Amino acid sequence: MNPASRMVYYAEVWEMVRQIPVGRVATYGQIASLLYPPEGITPQAYKAFSPRWVGGAMAACPDDVPWQRVINSQGKISLRRGEGQTNQRELLEAEGVIFDERERVDLSRFRWSGPENK
DNA sequence: TCCTTGACTCAGA
DNA sequence: CTCTGAGCCAAGG
């Protein structure tokens, strides 16, 4: 897959993430499932790896993307290796998202319901 | 070209 | 519900 296609995909991810309202969170897999696979990617490959691509997109996201609202399917914050603990949790708490004592979010309560097919 | 790693997920205990 | 382990395909060294 060429770099250009990947950038386009990243841009789509960011666009989707920007639609997550304040006080809500979404999972990597959820974001991925809302987007169409990049060109030249088989459905199987997409299913298997899209969550990590979303992660990759987050790693390179612009400042106007609320990356902190994207967490893993367990409701926990995932950080890139070596990346020190950021204040992602504080950012979310400031938006009204509640973390339990194990730094976990109750997805059944804060999970973003999707683009609402506006 | 080969080998390791990955902001993940799902199934099984 | 929580903890472990295996697997997914591509990118990067």
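Because the structure is a prediction, the values reported are computed rather than measured.
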Quickly work out the [X] [atom1] to [N] [atom2] distance and round it to whole Å.
X        : N     : atom1 : atom2 : value
A:Tyr28  : B:dT9 : OH    : P     : 8 Å
A:Lys76  : C:dT4 : NZ    : P     : 10 Å
A:Ile41  : C:dC8 : CD1   : C1'   : 13 Å
A:Arg111 : B:dT9 : CZ    : C1'   : 14 Å
A:Trp53  : C:dC8 : CH2   : P     : 15 Å
A:Ile31  : B:dT9 : CD1   : C1'   : 16 Å
A:Lys47  : C:dC8 : NZ    : P     : 11 Å
A:Gln74  : C:dC3 : CD    : P     : 10 Å

Which nucleotide in the set [options] lies at the smallest distance from any side-chain heavy atom of [X]?
X       : options               : answer
A:Asn72 : B:dT9, B:dA7, C:dA10  : B:dT9
A:Arg6  : C:dG12, C:dA10, B:dC8 : C:dG12
A:Ser78 : B:dC8, C:dC8, C:dA10  : B:dC8
A:Pro51 : C:dC8, B:dT9, B:dA7   : B:dT9

Indicate, yes or no, whether a donor-acceptor pair under 3.5 Å links the base of C:dC8 to the side chain of A:Arg52.
yes
Sort out for me which residue in A:Val97, A:Ile31, A:Val17, A:Val22 forms a side-chain contact (heavy atoms from CB on, under 4.5 Å) with A:Arg69.
A:Val22
Considering every strand and a 4.0 Å limit on heavy-atom distances, what is the contact class for A:Ala59: base, sugar-phosphate, or nothing?
base
Distance, nearest 0.5 Å, that separates CD1 of A:Ile71 from CG of A:Leu79
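Result: 12.0 Å between the selected atoms.
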Can you tell me how far apart NZ (A:Lys76) and CG (A:Asn72) are? Round to the nearest 0.5 Å.
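If I round to the nearest 0.5 Å, the distance is 7.5 Å.
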Minimum heavy-atom separation for [X] and [Y], please, with both atom names.
X       : Y       : answer
A:Arg18 : A:Val65 : NH1-CG2, 3.6 Å
A:Thr27 : A:Ser73 : CG2-CA, 3.8 Å
A:Ser50 : A:Tyr9  : CB-OH, 4.2 Å

After noting the C-alpha distance and the side-chain angles of A:Tyr36 and A:Tyr46, does the key distance pass the side chain to side chain contact (heavy atoms under 4.5 Å, CB included) rule?
CA-CA 9 Å; A:Tyr36 288 100; A:Tyr46 188 69; over 6 Å; no
Neighbours of DNA chain C within residues 102-110 of chain A, by heavy-atom distance under 4.0 Å
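Listed by number, they are A:Arg102, A:Arg104.
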Is any side-chain nitrogen or oxygen of A:Ser73 closer than 4.0 Å to OP1 or OP2 of B:dT9?
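So the side-chain polar atoms of A:Ser73 do come within 4.0 Å of the phosphate oxygens OP1 or OP2 of B:dT9, strictly under.
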